Amino acid sequence: MPSGLTGTETYQLLARALDLRARAQERIADNLANQDTPGYKARRLDFQDALRGALGQEGTLRPAATRPGHFGATGSDAIRHVKGTEEVVRDGGGPDGNTVAPEEEMARMAENSVMFDAAAQIIGAKYRSLKYVIREGR
Amino acid sequence: MDIGTLLQISGSALGAQKRRLEVVAENLAGAEVTHTADGGPYRRKDVVFKTFHDHLNDARGERAPDLVKAEVALDPRPLPLVHDPGHPDADADGNVRMPNVNVTEEMMNMISASRSYEANVKAVGAAKQMARAALRIGE
């Protein structure tokens with residue numbers, strides 16, 4: 001493993017995905033909580049493209065950092081800085097101006113927690129294989 | 001992973017929806033009451049949901065979660081006048097002021113409140129499951 005045992009791109013990506021999924025869950029909880037608040041505008045966190053973009057950046061050319069001022073050289077930085085963008089749903093509300101669609105939020109919540117679970121499982125599996133190697137295969 | 005924030009959001013909503021159910025129960029109980037402690041017929045109560053922010057969350061430097069609370073207000077709609085000469089509270093013309101509660105409306109409100117409550121219970125469940133998944137890392 002090139003940059004430390006857990007500093008690889010995969011670990012960074014999984015860790016970031018966990019964090020962003022947790023944030024997305026906060027927005028979903030907000031929306032579900034405010035489904036009866038007049039005038040409330042639903043929000044969602046959009047980060048998949050940004051994360052994919054950051055990954056692509058690293059998959060290609062990675063310049064060497066030869067001086068302290070060089071930026072974008074350490075592999076995992078781009079991933080670590082992915083924040084995602086918050087999108088506000090303004091259209092399609094009911095007569096009270098509330099744009100939360102509860103069934104949509106429930107579906108999104110199910111998807112989000114499954115994806116969170118998946119990332120947690122993969123990261124756990126990676127640690128397990130690391131442990132296995134440390135124990136010399138026992 | 002901040003399970004506390006998630007529980008705070010859904011918890012505020014559970015409390016607000018429960019308040020709404022309580023108000024529905026009060027309205028149904030008062031639907032025929034022509035003589036309240038303050039005198040006069042019962043006036044329907046209505047719940048208005050409002051978003052608020054807990055300042056403790058501002059310290060995180062991120063957008064604070066949108067917590068929700070239920071505010072109770074009196075329904076300003078007029079009290080209907082019903083002709084019922086046999087009623088003890090009837091006036092000289094035999095008319096009685098009745099509460100402005102519509103039972104059908106209350107039943108709809110009740111169903112809506114319990115559905116919203118359920119959705120927020122599901123959100124609490126999802127938060128718990130996510131926290132558990134995170135804790136299993138490295139096992």
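Remember, predicted model here, so these are calculated numbers, not experimental data. The figures here come from the full heavy-atom set of this structure, side chains too, leaving out hydrogens, waters and symmetry mates. A note on names: the letters A, B, ... follow the listed sequences, proteins ahead of strands, and every chain is numbered from 1.
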Within one Ile-Leu-Val-Met-Phe-Trp-Tyr cluster: Y117(B) and I28(A), side-chain cutoff 4.5 Å: no

Chain A contacts, top residue of D66(B), N120(B), I137(B), V48(B) (heavy-atom pairs, under 4.5 Å): D66(B)

Heavy-atom proximity to chain B below 4.5 Å, by part of E86(A): side chain

Partner chain B: residue of L32(A), D36(A), D117(A) with the largest heavy-atom pair count (under 4.5 Å): D36(A)

Chain B contact via Q25(A) - which portion, at a heavy-atom distance below 4.5 Å: both

CG on L51(A) to CD on Q12(A), rounded to 0.5 Å: 11.0 Å

Heavy-atom proximity to chain B below 4.5 Å, by part of P102(A): neither

Short side-chain donor-acceptor distance under 3.5 Å, R20(B) and S112(B): yes

Contact origin within E139(B) toward chain A - heavy atom pairs under 4.5 Å: backbone

Y42(B)/N27(B) under side chain to side chain donor-acceptor pair (under 3.5 Å): CA gap, chis, key distance, verdict: CA-CA 8 Å; Y42(B) 176 83; N27(B) 287 340; 2.7 Å; yes

Choice from G124(A), A33(A), A29(A), A120(A) maximising heavy atom contacts with chain B below 4.5 Å: A33(A)

Test of ring centre spacing under 6.0 Å for Y132(A) and Y127(A): no

Pick from S10(B), G138(B), A13(B), S116(B) with the largest number of heavy-atom pairs that fall under 4.5 Å of chain A: S116(B)

Donor-acceptor contact present, side-chain T51(B) to main-chain V68(B), <3.5 Å: no

Atom group of K122(B) that falls short of 4.5 Å from chain A, counting heavy atoms: both

